[in-house]
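Atoms within a ligand are numbered from 1 in the order they appear, just like the ligands themselves. All residue numbers in this chain count up from 1 along the given sequence. These values consider heavy atoms only, across backbone and side chains, with no hydrogens, waters or symmetry-generated copies.
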Amino acid sequence: MSPRKRASPSAEPLVPPERRASVRAGLLAWYDQQKRDLPWRRTRDPYAIWLSEVMLQQTQVATVIPYWERFLQRFPTVEALADAPLADVLAGWRGLGYYSRARNLHRAAQEIVTRFGGRLPPTAAELLTLPGFGRYTAGAVASIAFGEDAPLVDGNVARVLSRLFEVEGVPGDRVREARLWALATELVPGERPGDFNQALMEHGATVCRPDNPLCLLCPVREACLAFRHGRVGELPPAKVRAAPKQMTLAVAVWAHEGRLLLARRADKGLFGGLWELPAAEVDADPPESECAARLSQALGTPVRVGAALGVVRRQLTHRTLTLRLLRVTGATRPTQAPAFQDTRWCTPEEAAALGMSTAMHKALQAALDAGALVLPPSSVD
Ligand code: SF4
């Protein structure tokens, strides 16, 4: 595959040429010797590389490896992914979280088939027109899979560049972000842009770590302004994180003849497109009447709330979820529920095979353990 190049964007370099050359050479030589042997580094398949980049957003390398391998076995090509039902794609994603990544991956695969004949376009500019491709993913795929001089900045790269070039400002600050992207843009052109981008990320992940960076082992220490000025510990400043939002869901455990009612959420929003025991958001400590009202509204039929079957808690990055499992009955079983795009009565085995979030899987298991399918004698339905 022949590398694609583009012209240097800046007449006034931010980094003097000698320093730029020494940073590039130092990082590339270090990467050649020290890079981790990761499965997506053994392939030239742009689709497989793209998939790894999407999975690695928000997820640790060790977690991603088995998911990446299984997903590629199940959907080995862009066409196979594009042809698959969304529910199957979400089922393959189960446990990785951030399901919007899987929905965008699926939509992008369909666009790649219709607009680009099933092949990923080779430039960051074209990739940016596809669902789910931001500046980072476009730069990663274009540089790693196609050899384009496309920059990228992720959390690791931002930290390395902040220290190397003494970039001020807290993460998220627009001026800081612009400077980091300008530096990345200036550094990437030259030999092996994809490897250079990976070297930057690898260096941030393993040497220039957030805490206790291994400066004495650093291949670019001589060029590092933060090291020279004794500022490694203060760059970059820690980001002030918002406290996770509390969210409580009333979860309907509706059993009928050995089956449970499952519902599929609308495609947008938290857990969009995934199956679940039908749930509705309620206040933190809701009375039974509120749970009944919210679930009746969501299911489009009046329900009675019976015994509590347990509570499942799950910590997401931005939310603390509390799922209150409630036995539910009603005179009319729902066929079309306003809050959901589909409903289905499933055996536990059928339910377990649906695309569900990890939180809802735990809820399903907890409900079954609490005897969800063992109906009390007074049960109406
Ligand atoms: Fe990071 Fe230390 Fe190397 Fe500077 S010298 S780039 S702070 S590891």
Side-chain angles (χ1 to χ4, degrees), residues 8-10 12-38 41 53 56-62 64 135-137 139-140 143-144 149-241:
S8 175
S10 171
E12 288 282 326
L14 297 168
V15 188
E18 271 178 27
R19 189 148 168 256
R20 178 182 177 283
S22 114
V23 167
R24 283 194 108 265
L27 282 173
L28 277 172
W30 170 84
Y31 181 71
D32 289 342
Q33 291 194 343
Q34 303 291 336
K35 70 181 173 198
R36 290 169 292 179
D37 179 24
L38 303 176
R41 289 183 176 158
E53 287 300 334
L56 286 166
Q57 292 162 21
Q58 321 280 354
T59 310
Q60 301 285 326
V61 167
V64 165
R135 218 169 157 192
Y136 167 80
T137 314
S143 64
I144 298 168
D149 289 343
L152 58 75
V153 177
D154 70 350
N156 283 326
V157 173
R159 181 170 57 260
V160 173
L161 296 181
S162 306
R163 290 170 174 168
L164 267 176
F165 299 102
E166 246 180 341
V167 179
E168 308 292 344
V170 293
D173 176 83
R174 290 169 72 102
V175 175
R176 173 183 186 264
E177 304 303 319
R179 187 163 179 83
L180 293 173
W181 276 96
L183 284 164
T185 303
E186 200 168 296
L187 289 169
V188 74
E191 185 194 355
R192 297 155 58 202
D195 280 353
F196 177 71
N197 279 338
Q198 292 189 88
L200 268 177
M201 291 190 280
E202 187 87 342
H203 186 252
T206 61
V207 177
C208 197
R209 307 180 303 201
D211 301 316
N212 304 317
L214 307 175
C215 297
L216 295 180
L217 301 176
C218 176
V220 287
R221 191 179 62 219
E222 297 300 317
C224 179
L225 293 179
F227 184 80
R228 193 181 303 166
H229 299 150
R231 299 190 64 207
V232 172
E234 64 188 78
L235 285 174
K239 185 174 184 175
V240 181
R241 289 194 184 277

Which donor-acceptor pairs under 3.5 Å do the side chains of residues 167-178 make with protein atoms, sequence neighbours left out?
unit_1, atom_1, unit_2, atom_2, d
E168, OE1, R231, NH2, 3.2
E168, OE2, R231, NH1, 2.7
E168, OE2, R231, NH2, 3.4
D173, OD2, V175, N, 3.2
D173, OD2, R176, N, 2.9
R176, NE, G169, O, 3.2
R176, NH2, S162, OG, 3.0
E177, OE2, G172, N, 2.9

Between side-chain atoms of residues 211-224 and protein atoms elsewhere (two or more places apart, or another chain), which donor-acceptor pairs fall under 3.5 Å?
unit_1, atom_1, unit_2, atom_2, d
R221, NH1, C215, O, 3.4
R221, NH1, L216, O, 3.0

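A184 meets the side-chain contact (heavy atoms from CB on, under 4.5 Å) test with P151, V153, L161; sequence neighbours excluded.
For atom 3 (Fe) of ligand 1, protein N, O or S atoms closer than 2.8 Å were enumerated as C218 SG, with waters left out.
Taking CD from E191 and CG from L28, the interatomic distance works out to 5.5 Å, rounded to the nearest 0.5 Å.
In terms of heavy-atom proximity, L187 sits nearest to R20 at O-NH2, 3.6 Å. Closest of all the heavy-atom pairs between A226 and L235 is CB-CD1, 4.2 Å.
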